[in-house]
Amino acid sequence: MSLPEFDSVQLRHSLLSWYTQTGRNLPWRNSRDPYQIWISEIMLQQTQVKTVIPYYQRWLETFPTVKDLAEADLQAVLKVWQGLGYYARARNLHACAQQIVQQYDGVFPNQLEAALSLPGIGRTTAGGVLSAAYNLPVSILDGNVKRVLARLRALSVPPAKSLKSLWEWSDSLLDPDHPREFNQAIMDLGAMVCTPKAPNCSECPWKRHCQAYLLNLQSEIPMREISAPLPHKMIGVAVIWNQQGQILIDKRPAKGLLGGLWEFPGGKLEAGETLEECIKREIQEELAIEIEVKDHLITIEHAYTHFKVTLNVYHCRYMSGEPQPLECDEIRWVTLDEIEQFPFPKANEKIIAALKNNS
DNA sequence: GACACGTGGAC
DNA sequence: TGTCCAAGTGT
């Protein structure tokens, strides 16, 4: 079900003409260095351009080359990534850099199969890097392209239900003579004109070809998936002080949610339990120590992708026992001055800020 | 194919 | 305040 070749030629021409006049000037577009382009593609996964730009610049100052990244400590990598979310991206970036140094002499591979075998590199990121760095004709299907193509063809189901067709349309539309510009252009079209809400159809170079526009369905397409309400968890969190004025923090297991980041220990409130009981129980289960729960410090509401939490944070006093890393990777006693060297998730950063305000 | 995986901006 | 969703990948 590819587009007629005649349409593809017209669509390519009108899009590239629009892009030449209107396309964005973004930092990574001034580079053809596959390392810099790869970093930008990973940071841009599920993350807005405005958010990425300062992280991108700081990253390249800290890790200017693949080799610098490969030789860095994972904790240092996570610290630079801190706040961007989806931390598996940072862990994969680090592992991927080491693989590129070992297997590809420090140069991002210029073959699709090799790129796809690397950790954190899926089909869209591979297409993004290979087209932008090497001008190779590899298509992409990110959120922008999905929305543009769903509207162009008036797709009657949510994009996730029709990925095969969308990939075929992206493949057949890609300009084989200008793959670098075409992929950037179709993403700019989605970001600047064919936006999720209130698209600027009057400015669109594809308005005469767009089935959604011609049927006045641009507000209904792409179709939404029905989503269940997010579960909510009440969490008790302990800021445990010892007699030296140090605080106990723990490093989360390397994989899974917030893997490799540090946190204040705590856990889920169970039915019929007070927050004080919850905190004492969790600290005994996780660290095998006795504490006394003292004053309330702060309450934090935070939403993750698949659930919401309320963090009820309390000052606590260390009483007895030798802390054991029973459910974490590592434990440390740190001062308030030392704590900022460690990567923390956003919700925990708010706890640190509250501690600094009160001291 | 469905679900896990962070955070911030827009409305 | 709540909901959507942003240059997706791994399992």
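Order of the sequence lines fixes the chain letters, A, B, ..., with proteins taken first and strands second; residue numbering starts at 1 for each chain.
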### Task
May I ask you to check whether A/Arg208 and A/Ser14 show a side-chain donor-acceptor distance below 3.5 Å?
no
### Positions of residues 257-264 of chain A (non-hydrogen atom under 4.0 Å from DNA chain B), listed by number
A/Leu257, A/Leu258
### Query
Do A/Ile351 and A/Ile247 share a hydrophobic cluster, counting only Ile, Leu, Val, Met, Phe, Trp and Tyr and linking them when any side-chain heavy atoms are less than 4.5 Å apart?
yes
### Query
Below 4.5 Å, heavy atoms only, C-beta onward: do A/Gln341 and A/Gln75 meet side chain to side chain?
no
### Interface with DNA chain C, restricted to residues 59-68 of chain A and to heavy atoms under 4.0 Å
none
### Query
How is the hydrophobic cluster of A/Leu217 composed, in terms of its other members, when Ile, Leu, Val, Met, Phe, Trp and Tyr link through side-chain heavy atoms under 4.5 Å apart, directly or indirectly?
A/Leu215, A/Ile221
### Task
Report which part of the nucleic acid A/Ala160 touches: base, sugar-phosphate, or nothing (heavy-atom distance under 4.0 Å, all strands).
nothing
### Message
Just to be sure I understand the rule, does A/Arg147 reach a base, reach only the sugar-phosphate, or reach nothing, if contact means heavy atoms closer than 4.0 Å?
### Response
sugar-phosphate
### P-based separation of B/dC3 from C/dC4 [nearest Å]
16 Å
### Query
Counting side-chain heavy atoms from CB outward, which of B/dT7, B/dC5, C/dA7 is closest to A/Lys346?
B/dT7
### Message
Looking at B/dA4, I'd like to know if its phosphate oxygens (OP1 or OP2) sit under 4.0 Å from a side-chain N or O belonging to A/Tyr86.
### Response
no
### Query
Can A/Arg29 and A/Ser40 be said to form a side-chain hydrogen bond (donor to acceptor under 3.5 Å, both in side chains), step by step?
CA-CA 10 Å; A/Arg29 286 189 182 159; A/Ser40 76; over 6 Å; no
### Query
So which of A/Glu290, A/Glu292, A/Gln243 actually passes side-chain hydrogen bond (donor to acceptor under 3.5 Å, both in side chains) with A/Arg317?
A/Glu292
### Query
In whole Å, what separates the P atom of C/dT9 from that of B/dG8?
23 Å
### Message
Let me check something: do A/Tyr55 and A/Tyr86 share a hydrophobic cluster, defined by ILVMFWY side-chain heavy atoms less than 4.5 Å apart, either directly or through other members?
### Response
no
### Message
Taking only the P atom of each, what is the distance from C/dA7 to B/dC11 in whole angstrom?
### Response
15 Å
### Message
Check the orientation of A/Tyr304 and A/Phe307. Use parallel for under 30°, tilted for 30 to 60°, and perpendicular for over 60°.
### Response
tilted
### Task
Tell me which nucleotide among B/dG6, C/dA7, C/dC5 gets nearest to the side chain of A/Pro196.
C/dC5
### Summary
The side chain to side chain contact (heavy atoms under 4.5 Å, CB included) partners of A/Glu322 (sequence neighbours excluded) come to A/Gln324
### Nearest-angstrom distance from the residue atom CD of A/Gln46 to P of C/dC5
12 Å
### Summary
To the nearest angstrom, the CD-P distance between A/Glu41 and C/dA6 comes to 16 Å
#### Entry: Nearest-Å distance for atom pair CD1/P, residues A/Ile300 and B/dG6
17 Å
### Query
Mind checking who shares a hydrophobic cluster with A/Ile240, ILVMFWY linked at side-chain heavy-atom distances under 4.5 Å?
A/Met234, A/Leu248, A/Leu269, A/Leu275, A/Ile279, A/Ile283, A/Leu287, A/Ile289, A/Ile291, A/Val293, A/Tyr314, A/Tyr318, A/Ile331, A/Trp333
Shorter than 3.5 Å, N or O on both sides, protein versus nucleotides 9-11 of chain C: list them out with atom names.
residue: C/dT9; atom: OP1; partner: A/Gly122; partner atom: N; Å: 2.9
residue: C/dT9; atom: OP1; partner: A/Gly122; partner atom: O; Å: 3.3
residue: C/dT9; atom: OP1; partner: A/Thr125; partner atom: N; Å: 3.0
residue: C/dT9; atom: OP1; partner: A/Thr125; partner atom: OG1; Å: 2.9
residue: C/dG10; atom: OP1; partner: A/Gly120; partner atom: N; Å: 2.4

### Message
Using a 4.0 Å heavy-atom cut-off, does A/Trp81 contact any base of the nucleic acid, only the sugar-phosphate backbone, or nothing at all?
### Response
nothing
### Query
Between B/dT7 atom P and A/Leu44 atom CG, what is the distance in whole Å?
18 Å
### Query
Quick one: A/Trp38 CH2 to C/dG8 P, roughly how many Å, whole number?
18 Å
### Query
Can you name the residues that form a side chain to side chain contact (heavy atoms under 4.5 Å, CB included) with A/Ser17, not counting sequence neighbours?
none
### Query
Start at the 5' end of DNA chain B and walk down; is the nucleotide closest to A/Leu163 or to A/Phe307 reached first?
A/Leu163
#### Entry: Stem regions touching DNA chain C, defined by at least 3 consecutive Watson-Crick or wobble G-U pairs below 3.5 angstrom
B:2-5 with C:8-11, B:7-11 with C:2-6
## Note on the structure
Whole-Å distance, A/Glu225 CD to C/dC4 C1', equals 13 Å
### Query
With a 3.5 Å cut-off and no angle check, do the side chains of A/Gln211 and A/Arg151 form a donor-acceptor pair?
no
### Query
Which of the following nucleotides, B/dA4, C/dT3, C/dA7, is nearest to the side chain of A/His306?
B/dA4
### Message
So, does A/His302 get its side chain near the phosphate of B/dG6, meaning an N or O under 4.0 Å from OP1 or OP2?
### Response
no
### Query
Going hydrophobic residue to hydrophobic residue with side-chain gaps under 4.5 angstrom, can you get from A/Ile39 over to A/Leu74?
yes
### Query
With a 3.5 Å cut-off and just heavy-atom distances, do the side chain of A/Thr47 and the base of B/dG6 make a donor-acceptor pair?
yes
#### Entry: Whole angstrom value for the distance that separates P of B/dG6 from CG of A/Leu78
11 Å
### Query
Is the gap between the ring centers of A/Trp206 and A/Trp18 under 6.0 Å?
no
### Test: A/Glu225 and A/Lys161 ion pair at under 4.0 Å
yes
### Query
Contact class for A/Gly190 (heavy atom, under 4.0 Å): base, sugar-phosphate, or nothing?
nothing
### Query
Who passes side chain to side chain contact (heavy atoms under 4.5 Å, CB included) against A/Thr335, sequence neighbours left out?
A/Gln246, A/Asp337, A/Glu338
Scan nucleotides 9-11 of chain B against the protein and return all N/O pairs shorter than 3.5 Å with their distances rounded to 0.1 Å.
none

Side-chain polar contacts of residues 108-136 of chain A - donor-acceptor pairs under 3.5 angstrom, sequence neighbours left out - could you list them?
residue: A/Ser117; atom: OG; partner: A/Ala114; partner atom: O; Å: 2.7
residue: A/Thr124; atom: OG1; partner: A/Leu141; partner atom: N; Å: 3.1
residue: A/Thr124; atom: OG1; partner: A/Leu141; partner atom: O; Å: 3.2
residue: A/Thr125; atom: OG1; partner: A/Gln45; partner atom: NE2; Å: 2.9
residue: A/Ser131; atom: OG; partner: A/Gly127; partner atom: O; Å: 2.6
residue: A/Ser131; atom: OG; partner: A/Gly128; partner atom: O; Å: 3.4
residue: A/Ser131; atom: OG; partner: A/Asn183; partner atom: ND2; Å: 3.1
residue: A/Tyr134; atom: OH; partner: A/Phe108; partner atom: O; Å: 2.6
residue: A/Asn135; atom: OD1; partner: A/Arg180; partner atom: N; Å: 3.0

### Query
Can you tell me how far C1' of C/dA6 sits from CE of A/Met192, to the nearest Å?
16 Å
### Query
Reckon A/Glu301 touches a base, only the sugar-phosphate, or nothing at all at heavy-atom distances under 4.0 Å?
nothing
### Task
Select base, sugar-phosphate, or nothing to describe what A/Ser227 touches, counting heavy atoms under 4.0 Å on all strands.
sugar-phosphate
### Query
For A/Met223, which fellow cluster members are found when Ile, Leu, Val, Met, Phe, Trp and Tyr are connected by side-chain heavy-atom distances below 4.5 angstrom, either directly or through intermediates?
none
